[in-house]
Every structure is written in structure tokens, then in C-alpha cells.
Amino acid sequence: MRPETITSSGRALTWPLLGAAALFAVLVGGGLAYQGLLGTGAAERLVTVMLIDAIVVVGIQIYVGNTGVLSFGHIGFGAIGGYVFALLAIDEAEKLKRIPDAPFGLVGVELPPLLAIVIAVGFAVACAFLVGLGLGRSGAASGAVAATVITLALLFVTHEVARNWPDLTGGDRAGLAFPIRGSLDSRLPIYGGLLIALVVGRMFARSRRGRLAQAAREDDLAARAMGIDPLVQQMLALLISVAVVVMGASLKVWEDGSILPGDFFFQYTLVTLVMLIVGGRNGVTGAVAGVIVMTIGRELARRLGQDGFEVFGIGLDRAPLDWIFRENLQTVFLGVAMLGFMIWRPAGLLDDLEVDDWLRRRFAPADGAPAPALADAAMTTPSRLSVRAVDVRFGGFQALAGAGLEAGGGEVVGIIGPNGAGKTTLVNVLTGMVEPTAGSFSINGRELVGQPAHELARAGLVRTFQNLRLFGALTVEENVEVAALVAAEHHPDRVRQEASALIAHAGLWEHRHRRARELDYGNSRRLELARAAAMAPTFLLLDEPTSGMSDSESVAMVAQVKGMADAIGAGVLVIDHDLAFITGISDRIYVLDSGSVIASGTPDEVQANARVKQAYLGSAAG
């Protein structure tokens with residue numbers, strides 16, 4: 001769990017920086033200890049490769065871990081950056097020997113390696129921006145498989161270009177095999193790159209954009225309903241992650257002193273993704289743990305192969321184990337590790353646990369703050385929601401037929417009707433989940449029909465869902481604070497309560513550091529309401545907020561809804577099938593039947609309406 005408050009900037013900076021420093025110390029210190037213990041050139045090389053792999057894997061984690069979109073293309077970006085670095089960093093004499101016909105005047109270009117890395121990063125990030133636009137159009141925000149296919153296609157495209165453009169890359173056989181101003185004879189650039197990667201990875205995860213990306217990762221639909229545009233967060237995560245990956249790829253090329261098309265293709269993609277999956281894709285600490293575990297495992301597999309697949313003189317390369325203990329055992333080890341973890345522990349060894357969380361829990365003083373109270377709500381400008389003649393048709397089924405209503409700020413308007421009457425469909429229209437066939441709706445005269453879900457939330461229409469949609473891996477506190485972050489940017493003129501006060505008002509103060517997925521049903525319902533209220537909406541749309549609750553819980557929810565609405569100065573539209581709940585909470589009620597409004601008025605007027613009795617209560621009109 002990560003209980004520190006997003007809005008507490010000091011803690012948000014200090015602990016992640018300490019965590020990054022601790023991970024750096026573990027990697028570097030452990031590597032130096034191993035190198036000193038063995039004292040061989042092979043050990044030194046293994047440690048260097050591990051440190052570079054850690055940079056690349058952390059870079060991939062920044063995108064995959066925070067957005068939930070699985071990418072096979074980051075090594076392709078690494079290839080782009082690696083070739084740009086090599087073409088800029090090698091000296092002119094070597095270029096004349098290897099690629100005398102290189103285009104763009106590259107033969108005469110010779111830059112210091114560190115400057116070449118910076119330019120390689122910039123070029124690859126520009127390419128990533130174009131690919132990111134394609135990912136957005138493909139549906140990456142909703143986890144569509146097209147996004148993964150696009151990244152895989154990028155990997156193959158970069159490989160084929162590298163193979164078939166020998167004037168630029170040296171081709172598949174010769175490649176660019178030459179020293180780059182001599183080999184990398186100091187680890188200082190690698191140490192610097194590793195520290196940058198760890199700090200950037202942790203700081204992005206704790207940043208505002210990182211938190212919004214994680215919310216969309218957990219539930220894209222709920223994130224949009226909270227005013228989050230996942231494409232913005234995913235694009236930023238992609239650009240940052242590509243910058244880190246290319247930094248690592250350039251260091252790899254510098255260390256190797258050469259680059260071939262196969263260096264950044266499927267094998268290296270498999271290695272880095274397995275490292276990420278084994279350790280835990282949702283955390284930087286997990287990424288580092290995966291690098292360490294898989295480096296050790298691959299080295300043991302290599303040594304086992306060198307020793308003839310024998311342990312204490314016992315041969316292992318005989319039936320029934322001969323399919324495992326054979327040549328290329330390292331590749332078999334990678335495949336078994338990926339398969340095993342994806343089946344039995346898909347979250348990896350550490351999931352999203354971070355070392356700075358452990359440090360904070362161990363050394364930070366306990367948070368014994370009392371539960372805060374809601375502030376007195378200031379007067380707000382009266383608002384008006386107008387819904388006019390909305391039609392929705394799904395194929396041959398008419399879900400809504402000319403439905404309309406009026407609601408004012410500060411009042412509670414109930415929407416009731418039998419199952420299939422169109423209640424949820426109407427809320428879906430108002431929150432951008434369903435496109436109406438005809439009709440319109442507006443707030444204070446501002447037409448909103450046709451706007452995407454996140455824009456409607458920013459305009460003031462914020463909802464809860466009939467089926468719970470929480471950000472399960474985030475804590476109670478983080479769920480509410482994510483909405484508060486969006487409100488701070490898009491609703492600066494609205495009454496905004498502190499996230500902590502909303503949590504306390506919802507009766508969740510003692511649970512604030514628990515993950516949302518650990519809550520029972522009643523507390524989950526209350527959390528969803530508190531999160532919606534944190535958006536400082538103009539109108540709060542509640543879709544069956546008492547569904548699945550007992551009578552006593554429903555009574556408590558009535559009080560909570562009214563208290564939340566008063567505290568933020570919002571109007572409320574609430575739909576439910578429970579007539580007692582609706583009449584107990586509403587100032588006015590609209591009754592839907594077969595997609596049309598058949599009655600409206602005060603609770604008493606609606607209960608006395610003959611059409612309501614016939615359509616909803618099942619009694620004869622008379």
C-alpha cells in the first residue's frame with residue numbers, strides 16, 4: 001500500500017527519492033560485491049550488463065506499469081536510439097570504412113558520446129510521439145489489443161529497416177561493428193543513467209500525471225467519468241519511458257562498441273519483458289527485482305550448460321529432463337519463467353510494492369491525525385440542467401423516446417421506473433457513455449451533447465455506477481485524491497472540499513490507507529460517492545446508490561448523499577428502483593416507462609399518479 005497523501009508535496013518528493021537511492025545502492029553495491037568476490041572479467045561484464053538492463057527495464061515499466069498497456073515496441077525505440085547514437089558518435093575515419101555512402105551527411109558528423117545520447121533520446125521521443133498518436137486512435141486507452149499489435153509491428157519494422165538499409169546501418173552481416181571513441185572504459189555514465197532512470201520512474205509514479213494514468217489503468221471507464229483523459233497520461237508516460245529506454249540502449253551500444261539489427265530485436269524484447277513480469281510490472285522496485293532475479297537465473301543456466309548439465313556429477317540432460325537441459329538453456333529458462341509467472345503469479349514477485357513505502361512505514365511517524373470535518377459550503381451560482389427530447393435506439397430497440405427533465409442546483413431529483421425503463425441509459429447519455437440518436441442537454445445554456453465522457457465530467461456532470469467501478473489497486477485516500485486533482489485543475493471556481501474531509505464524512509477514515517479492492521460492499525459504495533463528490537460537480541448523478549444494501553444502510557446512504565451534495569453545492573440526480581428510497585430523498589421525481597417520462601412532480605404527486613400506479617406499482621388505474 002502507498003498511504004502517503006498525493007497533495008503532500010514534501011512527502012511525495014522525499015520518500016520516492018530515498019527509495020530510488022536505496023535501489024541504486026542495492027544494484028551498484030551488490031554488483032560491486034559480486035564482481036569483487038569473483039574478480040574476473042566475466043563477472044565485471046555481467047554486472048555492467050545488469051545495470052544497463054535495469055535502465056531499460058525501468059524505462060519500459062514507466063509505460064507498461066503506469067498505463068497497463070503491454071508494449072513490445074520499446075526495444076524498437078531502443079534500436080532507433082541506438083543507431084542514431086552510433087551514427088553520431090563514431091569517428092569520421094571509421095564511417096568512411098564502414099558506411100562511406102551514408103545519407104544525410106552523416107559521414108562527416110562526429111559528436112561527443114554524451115551529446116550523441118541526448119540527440120538520440122530526442123529523435124526517438126519524436127518518433128514515439130507519432131506512434132503515440134496511433135496508439136491513441138487504436139484504442140490503447142481501453143486496453144484494446146490493437147495497441148499491443150502496433151508496438152509489436154514497430155519492433156519488426158525497425159528490425160527490417162536496420163537489416164535492409166546497409167548504407168545507413170551496415171546491414172545484417174557487418175552492422176556498425178567498431179569502437180566508439182574507444183570502448184566505454186568507465187561505469188560513471190552507466191551509474192548516472194541508472195540513477196536518472198530510478199528517480200524518473202519513482203517521481204513519475206508519484207506525480208499527478210502518474211496517478212491519473214494509474215487510475216485509468218485500473219478502470220478506464222471510471223477514469224473518464226472522473227474527468228481523466230487517458231490518452232494524455234498515456235502519451236506522457238510513453239515519451240518519458242522511451243527517453244529512459246533509449247538512454248539505456250545508447251549506453252548498451254557504447255559499452256558493446258557495435259550494433260547489429262539483432263541486438264535490439266525479439267530476443268532482447270523477451271529478456272526485458274520477462275524481467276519486468278517476474279519482478280512486478282506495476283512498480284519500479286519490482287522491475288529492479290526482476291532484473292536481479294533473472295540475471296542470476298540466466299547466469300546459473302549458462303554456467304549449468306558450460307558444466308555439461310551436471311550437478312554433483314549427476315547428469316541432467318537425460319530423459320525426462322532432456323527437453324529442458326539442452327543447448328540454449330537460457331532461452332528455455334526465460335520462457336519457463338514468463339509462463340510460470342503469468343499463470344501462477346501474474347502480478348510478479350512484488351506487484352506494486354515500493355521500497356520507499358517500506359522505508360516510510362518503518363521510519364516515518366505514525367499518522368494519528370483526527371478525522372477532519374467538512375467545511376461550511378459557500379454560496380454558489382444557481383445551476384440548471386436541461387434535458388430535451390432525448391432518443392436512444394439500439395438497433396431495433398427504442399431505449400429512450402423523447403425523454404427530458406429539468407434539475408436545479410441544490411435540489412435532489414429522483415428518476416424511477418420499472419426495470420428496462422431507460423433510467424441508466426439516460427444517465428449514460430448525460431455522462432457520455434451512450435451517444436443519443438436525437439435530443440440535447442445543457443447546463444446553464446451550454447450545450448453538451450456529443451462531448452466525450454471526460455469533458456462532460458469536467459463540465460460538471462459526475463456519476464457513480466450501478467456496478468461498482470473503483471480504482472482497486474489504489475488506496476481509499478488515493479481514489480478520492482485522484483478526483484480532487486482533476487477538480488483542482490478543471491473546477492477552480494466550484495466549492496471543493498478537502499479529500500480527507502470527504503473520506504471522513506463517508507465513514508472511511510479508518511480505512512483510508514486500505515486498497516479499494518479490500519473494502520466490503522457498503523464501504524465501496526460510500527467510497528464511490530466520496531470520490532464523485534471530490535470532483536466538485538455541478539450535478540451528481542447516482543445510479544442505484546443503495547443497490548445491494550440493507551434497509552439501515554440505505555437510510556444512512558440517504559443522509560450521506562444529502563450531506564455530500566450540500567457540502568459541495570451540487571444538484572443531485574438519483575435513479576433507483578426502490579420507491580421508498582427515492583421518495584425519501586427527492587425534492588422532485590420523474591417516472592420513466594418504456595423510455596418515456598410518464599409523470600413528474602413531488603413525491604406525493606407521483607405516488608398518487610394513476611399512470612405510475614399502473615406502470616410501476618402494477619395496480620389498475622382508476
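None of the values given here were measured: they were computed from a predicted structure.
When side chains are defined from C-beta on, Leu18 does not count as touching Arg360, because their heavy atoms never get closer than 4.5 Å. Residues Phe204 and Pro16 have side chains not in contact (no heavy-atom distance under 4.5 Å, counting atoms from C-beta outward). Counting heavy atoms from C-beta outward, Leu470 and Asp219 have side chains that stay 4.5 Å or more apart. Counting only heavy atoms from C-beta outward, the side chains of Leu198 and Val288 approach each other to under 4.5 Å. Here the side chains of Val482 and Met226 are not in contact, with every heavy-atom distance at 4.5 Å or above. Side chains of Phe264 and Thr158 form no contact here, defined as non-hydrogen atoms less than 4.5 Å apart. The shortest distance between side-chain heavy atoms of Leu236 and Gln233 does not fall below 4.5 Å.
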**Message:** side chain to side chain contact (heavy atoms under 4.5 Å, CB included), that's the test. Do Leu359 and Trp15 meet it? Break it down for me.
**Reply:** CA-CA 8 Å; Leu359 290 170; Trp15 291 110; 3.9 Å; yes
**Message:** Set out, in order, the CA-CA distance, both residues' side-chain angles and the distance that settles side chain to side chain contact (heavy atoms under 4.5 Å, CB included) for Arg202 and Asp356, then state yes or no.
**Reply:** CA-CA 9 Å; Arg202 285 304 295 132; Asp356 44 280; 2.7 Å; yes
**Asked** Given Leu106 and Leu168, is the side chain to side chain contact (heavy atoms under 4.5 Å, CB included) satisfied, shown in steps?
**Response** CA-CA 9 Å; Leu106 289 171; Leu168 182 67; 3.6 Å; yes
**Item:** side chain to side chain contact (heavy atoms under 4.5 Å, CB included) between Phe72 and Leu154, worked out
**Value:** CA-CA 8 Å; Phe72 286 93; Leu154 171 69; over 6 Å; no
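With Thr148 contributing its side chain and Ser71 its backbone, the two residues share no donor-acceptor pair below 3.5 Å. Side-chain atoms of Glu255 do not come within 3.5 Å of backbone N or O of Thr48 as any donor-acceptor pair. A donor-acceptor contact shorter than 3.5 Å links the side chain of Gln61 to the backbone of Arg281. Remark: side-chain polar atoms of Lys95 are not paired, donor with acceptor, to backbone N or O of Pro100 under 3.5 angstrom. Panel note: side chain Gln267, backbone Asp263; no donor-acceptor pair is recorded below 3.5 Å. The backbone N or O of Glu160 lies less than 3.5 Å from a partner atom in the side chain of Asn164, making a donor-acceptor pair. Under a 3.5 Å cut-off, the side chain of Arg515 and the backbone N or O of Ala473 do form a donor-acceptor pair. Although no hydrogens or angles enter the test, the distance criterion places no donor-acceptor pair under 3.5 Å between the side chain of Arg187 and the main chain of Tyr191. In terms of modelled atom types and a separation under 3.5 Å, the side chain of Asn66 and the main chain of Ile62 share a donor-acceptor contact. No donor-acceptor pair under 3.5 Å is formed between the side chain of Glu92 and the backbone N or O of Gly108.
Considering CE of Met50 and CD1 of Ile55, their distance stands at 11.0 Å, rounded to 0.5 Å. Interatomic distance, CG of Leu270 versus CE of Met275, reported as 10.0 Å (0.5 Å rounding). For the atom pair Thr151 OG1 and Phe77 CZ, the distance stands at 8.5 Å (nearest 0.5 Å). Expressed to the nearest 0.5 Å, how far CD1 of Ile60 lies from OG1 of Thr272 amounts to 3.5 Å. With rounding to the nearest 0.5 angstrom, the CD1 atom of Ile259 is 11.0 Å from the CD1 atom of Ile90.
The residues Asp91 and Lys97 are annotated as not salt-bridged, no charged nitrogen and carboxylate oxygen being separated by less than 4.0 angstrom.
Judged by the 6.0 Å and 45° rule, Arg217 forms no cation-pi pair with Phe471.
Using a 30° and 60° split on the angle between ring planes, Phe266 and Phe156 fall in the tilted class, from 30° to 60°. Using cut-offs of 30° and 60° for the angle between ring planes, the Trp254 and Phe85 rings count as tilted.
No option in Val47, Val253, Ile190 other than Ile190 meets the side chain to side chain contact (heavy atoms under 4.5 Å, CB included) test with Ile52.
Residues passing the salt bridge (Lys or Arg N to Asp or Glu O under 4.0 Å) test with Arg517, sequence neighbours excluded: Asp351.
One side chain, Glu354 or Thr285, offers a donor N or O that lies under 3.5 Å from an acceptor on the other. Between the side chains of Arg512 and Thr475, no donor-acceptor pair is found at a separation under 3.5 Å. Under the 3.5 Å distance criterion, with hydrogens and angles disregarded, a donor-acceptor pair is assigned to the side chains of His74 and Ser241.
Contact between Tyr63 and Gln234 at its shortest, heavy atoms only, is CE1-O, 3.6 Å.
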